[in-house]
Chemist: 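Before I ask anything, let me first share the structure, which is written out below as structure tokens.
Every chain is numbered from 1, with letters handed out A, B, ... down the list of sequences. Bear in mind that the values here come from a model prediction, so they are computed numbers and not experimental data.
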Amino acid sequence: MATELYSEERIIEGCREGKREYQEILYRQYAQKMYGICLSYAGNRPLAQDMLQEAFIKVFKNLGNFKKQGSFEGWIRKIVVNTSIDMLRQSGKEQFFDEEYADMQVSTGNDALPELQLKDLMVFIARLPKGARMVFNLFAVEGYTHREIAQELNISEGTSKSQFNRARQLLRDWLGEKSN
Amino acid sequence: MNINEWYKKIVDSGTEAPPESVWNGVQDQLDVDAVWTRIDTSLSSQVRKKRIAAFAVAATLFLTVSTLGLWYILSPDIDQQLALQPEPVAVESYIDTLPESSREKEVVTDETESFTIPVAIDKVHTDQEVLAIVQKELAEPIFVEEIHSEGFIESTQGMPPLLASLEVNKGYYKSLSYRSSFVRHDDEIDHYKGDVSAAGSIFSTAYIGITGQFANTWMLNNKTISGLKSDELTFTDPSFGSNFGLQAGTGVTQRLGLRAEFFWMSRNRQTYREYVNGNFVSNDITLDYYAFKLLSRYNAGSYARPHYLLGGGYAGFMQQATQVIGGVSRQVENEYEKLDFGLIFGYEFPIPLAGQLTFTPGVFARMGLNNVFSGTESIPYYLNRTRNASVSLSFSLSYSFY
């Protein structure tokens, strides 16, 4: 079944009816992109695959709650992000957010950045502290404000900013090392 | 491009595909959810179906009993007709008006006297009809306290077709007795014909016939009983079977008779729906027997409206035993006993047809007395004691010889 033969509404309806072929169409349409998001949170592939699996199970179970008030991809993406954050929190008992870097100032210069594939970026993502990783992804990839991040993760705005800056600095440092 | 945009571009590039195991895991969970949803829905629907079935059975039984009861109560009989009679006529003045040639007057006591009215008729009548004939003969409405149909046997030689005897007492007719020597197509009246010495003896009446039954059958054991509960994963379904056979019967007394039956097909079935090796399938067990039945039959009604109650026993000899699970059939004769026996109770209502034929519908209940399960390699006989039982509608067509 080619995805272009079916409208988004038909695919959603078929998934709500529990028809496996429509569920597979939906999965294959969005899985690859959502996998990248999961990788950016997980830092390793096994955890990212668990996140993706759990997220799509939630997508199929909650299709009835999709009210068409935004894009369908955006709705799926939100489920994926929330699931990834929940599973990342459950994956370790360490404290995610280190207040030590609250006052860090980071250069905002637009230095040339190398062309990297996701698999290459994974190396850096895996090295990021989990708390900084979460904040950086929510800010840089999902476009959350620090206030929204603070509410989402139950931290202060200041912590969100410091964690974001830390992640960005580390990435710059590692990219600098790589170019050298 | 700043680092935020650079990072987002790479993350959203979707250049790495997840392994197929992720989709397999999603499917597995969806399958589990689907099965549990189906089980939950099925359990709920089973509860509803069982309630509906129970109400339907109760309503059917209530309607049947009510209808039969009303029919029996509302059927016109002599007592009702007598109740509608006008005031009794003074005997003295009335008897004097009767033609001398049409009656015999016999003084029985000082207070009673009787006279006989020979009436020419061409067939046997019921009490109600005899009363109407006598009324007509007397040309006056009469009130009779009692009506007797005399059951003695006399030769038909030289007897008038109908002899009605009125016994009068003071100011009213006390009783009407009549006797008839005509033969009815009813085995309860058959013994009216013939010698007195033959009255009420065996073979004074005889009939043969064919019979068919449509039965709701049960194999009663723990599994069947458990399957009737709504919270079980094994469901017991209603099962039905058909029986076909021959019957022969004879009268013993006026009300009692004996009947023997042979069924060349007597089927007992039980169907379940259950999980077998992870699959939800139908499990149907069918036991076919040759069956012999010996029943006594008692007329609880009147000669005009007989109602037969039957009781007796049966013995069944297994022809074959089959089990079908999920469409796959296998023979299971070695798991069940060759002999089954038990008790039978029933009710019949005969409907005379043309000539000597009688159509008799009825209902029967059968209960086996022995354990028919002989055991398997894994289940000994005492862990699955099973009895055959059934409730059936019966339809018979019989021919009466005399």
Side-chain angles (χ1 to χ4, degrees), chain A residues 15 18 20 23-24 26-28 30-41 45-46 48-61 77 106-122 124-125 136-137 139-143 164 167-169 171-172 175, chain B residues 1-50 230-235 237 273-282 326-328:
Chain A
C15 291
R20 187 54 48 88
Q23 291 171 335
E24 185 170 355
L26 189 148
Y27 172 83
R28 301 218 181 270
Y30 295 104
Q32 194 155 328
K33 192 169 186 178
M34 298 303 150
Y35 186 46
I37 297 174
C38 294
L39 284 170
S40 70
Y41 283 92
R45 286 177 177 76
Q49 291 161 14
D50 290 344
M51 288 174 175
L52 185 67
Q53 179 175 315
E54 190 64 28
F56 266 93
I57 291 171
K58 289 182 182 178
V59 164
F60 291 124
K61 282 185 177 179
R77 191 182 183 105
V106 181
S107 165
T108 59
N110 290 337
D111 297 334
L113 296 165
E115 292 287 330
L116 291 181
Q117 299 289 325
L118 180 58
K119 60 181 176 61
D120 302 318
L121 183 63
M122 278 294 296
F124 301 129
I125 292 174
F136 191 84
N137 283 326
F139 189 91
V141 180
E142 306 306 323
F164 171 77
R168 192 166 61 170
Q169 184 60 53
L171 285 172
R172 282 193 172 280
L175 287 171
Chain B
M1 182 188 297
N2 65 30
I3 192 169
N4 294 352
E5 294 167 351
W6 170 86
Y7 183 88
K8 179 178 169 62
K9 181 183 175 184
I10 299 175
V11 169
D12 284 346
S13 65
T15 54
E16 184 165 336
E20 200 61 21
S21 60
V22 175
W23 171 237
N24 294 336
V26 173
Q27 290 189 92
D28 290 344
Q29 187 59 43
L30 291 176
D31 289 340
V32 169
D33 292 344
V35 168
W36 278 114
T37 300
R38 191 161 60 230
I39 289 174
D40 188 55
T41 304
S42 178
L43 286 174
S44 301
S45 69
Q46 285 298 319
V47 170
R48 285 196 300 274
K49 283 180 184 176
K50 283 185 168 67
S230 60
D231 55 351
E232 292 287 324
L233 291 181
T234 295
F235 303 106
D237 286 340
R273 282 177 294 125
E274 59 185 342
Y275 284 92
V276 177
N277 296 330
N279 296 312
F280 192 66
V281 296
S282 170
V328 178

Chemist: Is the closest side-chain heavy-atom distance between A:Cys15 and A:Tyr27 below 4.5 Å?
Modeler: no

Chemist: Any side-chain heavy atom of B:Lys9 within less than 4.5 Å of one from B:Trp6?
Modeler: no

Chemist: Nearest 0.5 Å, what's the CH2-CZ distance between B:Trp23 and A:Arg28?
Modeler: 7.0 Å

Chemist: Without hydrogens or angle criteria, can the side chains of A:Arg20 and A:Gln23 be said to hold a donor-acceptor pair below 3.5 Å?
Modeler: yes

Chemist: Counting heavy-atom pairs under 4.5 Å to chain B, which of A:Met34, A:Glu115, A:Arg77 comes out on top?
Modeler: A:Arg77

Chemist: Could you tell me the separation between the CG atom of A:Leu121 and the CG atom of A:Leu39, rounded to the nearest 0.5 Å?
Modeler: 9.5 Å

Chemist: Examine whether an atom of A:Leu118 lies under 4.5 Å from a heavy atom of chain B, and if so say whether it belongs to the side chain, the backbone or both; otherwise answer neither.
Modeler: both

Chemist: Given heavy-atom pairs under 4.5 angstrom as the criterion, report whether the side chain, backbone, both or neither of B:Asn24 touches chain A.
Modeler: neither

Chemist: Relative to chain A, which of B:Lys8, B:Gln29, B:Glu16 shows the most heavy atom pairs under 4.5 Å?
Modeler: B:Glu16

Chemist: Hey, is the main chain of B:Val22 close enough, under 3.5 Å, to the side chain of A:Gln49 for a donor-acceptor pair?
Modeler: no

Chemist: Let's test your reading of the structure: which of A:Leu116, A:Leu171, A:Leu52 forms the most heavy-atom pairs below 4.5 Å with chain B?
Modeler: A:Leu116

Chemist: Given that the side chain runs from C-beta out, which part of A:Phe124 has a heavy atom under 4.5 Å from chain B: side chain, backbone, both or neither?
Modeler: neither

Chemist: With respect to chain B, which residue among A:Glu142, A:Lys33, A:Met122 yields the maximal number of heavy-atom pairs within a distance under 4.5 Å?
Modeler: A:Lys33

Chemist: Quick check on A:Glu54 against chain B: is it the side chain, the backbone, both or neither that has a heavy atom closer than 4.5 Å?
Modeler: neither

Chemist: Using a cut-off of under 4.5 Å for heavy-atom pairs, which of A:Phe56, A:Phe164, A:Phe139, A:Phe136 has the most such pairs with chain B?
Modeler: A:Phe136

Chemist: I need the residue from A:Gln117, A:Arg45, A:Lys119 with the largest number of non-hydrogen atom pairs under 4.5 Å to chain B.
Modeler: A:Arg45

